There are 2 protein chains.
Amino acid sequence: MRDGEAEDEPVTSTRERLVESAAALLAAGGPAAVTLRDVGHSAGVSHNAPYKHFASKQELLAAVAAAELRRSRDRLVRVRRGRPAVQAVRLILHGYVRQAHEHPELFRLVYGPWRTDSPELAEAADAARSALVDTVTAAQSDGDLPPGDPDRLAALLLALAHGAAELALAGHLARDGKGHADPADLIDDLFAQLTGPPVPTPETSPR
Amino acid sequence: MRDGEAEDEPVTSTRERLVESAAALLAAGGPAAVTLRDVGHSAGVSHNAPYKHFASKQELLAAVAAAELRRSRDRLVRVRRGRPAVQAVRLILHGYVRQAHEHPELFRLVYGPWRTDSPELAEAADAARSALVDTVTAAQSDGDLPPGDPDRLAALLLALAHGAAELALAGHLARDGKGHADPADLIDDLFAQLTGPPVPTPETSPR
DNA sequence: ACCTGAACACCGTTCAAGT
DNA sequence: ACCTGAACACCGTTCAAGT
């Protein structure tokens, strides 16, 4: 899409450095720590140079989110190769909650409420989502997931992963010793329900 | 308003008015619109009178969230009466996503990320959660939900409802006509999985 | 005990220039 | 085409008083 730029440009552009600085500040101190003054200074420019590349702070954060969504989609496509689709789906969902745990601020930025509508962001989100839907469809064809609208089944899986990750981040998932279930456990619980009851039929034919 | 000199009258205190003002501003314009200046002015006091009742803006918002959680728990207890527990659980979860749809800003405040740890908030959240767990436990006793750790099953249900509500708010649930599933549909899908496959054995009905 | 008005240290954004 | 420095309009928070 960027065929207007020469590809042999090893120098990171100011724009790229701004996005990286914003991501670093976000990870370190949450959204409150992402001030345009610090972003600019950390990228080696003045406090309002960002406005030459982004219309507002929101647009800069949208670029951070879009970059993460593109990386996410790449991971998704990579995990798909060399294993059954149903296993790929499970790994994808586990990766989703792991990402939330390891990079909570970035996770909240990407999957949290968006008050802007950046086309770049919408496009990246759609690409990531459709990659999941494709894998779910393949798992259905293999007979490893129940039939039905793949969009809807993917939405069910994604909603659970998202909700489990967020409840865990908020500390609403079992604070006491009893009944502690981490997000990965909940995903496995749903998979156990979807792929068959605890005592499935011993037949080998799919479905 | 003040018709007597008794200390404890049902007259709305300044503190209560501050909480109500904050809730109204939040609903109208999101968290950015909740400025302490507007909260104070809207409650008929100065711009920093809130500091005489709350240590910070976060604490004021925590009081707004706690009040909503208490109302939520009351609704939960009320819906429990006069119907089978499994139906109550379904209504509770549907109410959860409906609340997210009708009062998105309040929903995000209550169930979103908390960087403070107000005891009042934690207590209200625990009370609401345990009311759900109780109902789930009753539904399991009725044989209407699968057995197992009720905390974990409740977490599964709540995670799905939460994730579905948030994805819907973010517009990540089916923008096109095909495969559009609203959060309530996803909840019903999960219930269909949990309460039994489409064609269960008609024998051995418990109760 | 509760409240006010001024003040401080920010932060997003805009503007008039600079190269 | 990209960047700077000053400036503006905020906002959370603190402080010294007022009743």
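These numbers were taken from a predicted model, which means no experiment stands behind them. Throughout, a chain's letter reflects where its sequence line sits, starting with A, and its residues are numbered from 1.
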| note | Rounded to whole Å, the NE2-C1' distance (A:His47 to D:dC2) equals 15 Å

| said: Given 3.5 Å as the limit, does a donor-acceptor pair link the side chain of B:Ser42 with the main chain of B:Val39, or not? | reply: no

| request: Give one of base, sugar-phosphate or nothing for B:Val34, where a contact means two heavy atoms less than 4.0 Å apart. | output: sugar-phosphate

| Which nucleotide in the list C:dT13, D:dT4, C:dG12 gets nearest to the side chain of A:Ser56? | C:dT13

| request: Grab the CG-C1' distance between A:Asn48 and D:dG5 for me, whole Å please. | output: 8 Å

| remark: Separation of C:dG12 atom P from A:Leu25 atom CG, nearest Å, is 11 Å

| task | Return the value, rounded to whole Å, for the distance between atom CZ of A:Arg15 and atom C1' of D:dA1. | result | 15 Å

| note | Here the distance between atom P of C:dC3 and atom NE2 of B:His41, to the nearest Å, is 15 Å

| query | Please give, in whole Å, the distance from C:dC2 C1' to B:Glu16 CD? | reply | 16 Å

| remark: Comparing nearest nucleotides in DNA chain D, the 5'-proximal residue of the pair B:Tyr51, A:Ser46 is A:Ser46

| said: Closest approach to the side chain of A:Lys52, judged atom by atom: which nucleotide of D:dG12, D:dA16, D:dT4 is it? | reply: D:dT4

| task | Could you tell me whether a side-chain N or O of A:Gln140 sits under 3.5 Å from a main-chain N or O of A:Gly148, the two making a donor and an acceptor? | result | yes

| query | Can you tell me if the side-chain N/O atoms of A:Lys57 get under 4.0 Å from OP1 or OP2 in C:dG12? | reply | yes

| field | Donor/acceptor link under 3.5 angstrom from A:His53 side chain onto base of D:dA1 | value | no

| query | If you check the A:Arg37 side chain, which of C:dG12, C:dA7, D:dT4 turns out closest? | reply | C:dG12

| said: Whole angstroms only, please: what is the CZ-C1' distance between B:Phe54 and D:dT14? | reply: 19 Å

| message | Taking B:Arg17's backbone N and O only, do any of them form a donor-acceptor pair with B:Ser21's side chain (distance below 3.5 Å, no angle check)? | response | yes

| Would you call the rings of B:His162 and A:His162 parallel, tilted or perpendicular if under 30° counts as parallel and over 60° as perpendicular? | parallel

| request: Tell which nucleotide pairs with C:dT14, taking only Watson-Crick or G-U wobble pairs whose two distances are both under 3.5 angstrom. | output: D:dA6

| message | By nearest heavy atom, map A:Ala55 and B:Val45 onto DNA chain C; which one lands nearer the 5' end? | response | B:Val45

| side chain to side chain contact (heavy atoms under 4.5 Å, CB included) partner of B:Thr135, the single match among B:Leu91, B:Val79, B:Leu145, B:Val89 | B:Val89

| Length of the CG-P vector between A:Leu61 and C:dT13, whole Å | 10 Å

| task | May I ask you to evaluate whether A:Thr14 reaches the phosphate of D:dC3, defined as a side-chain N or O under 4.0 Å from OP1 or OP2? | result | yes

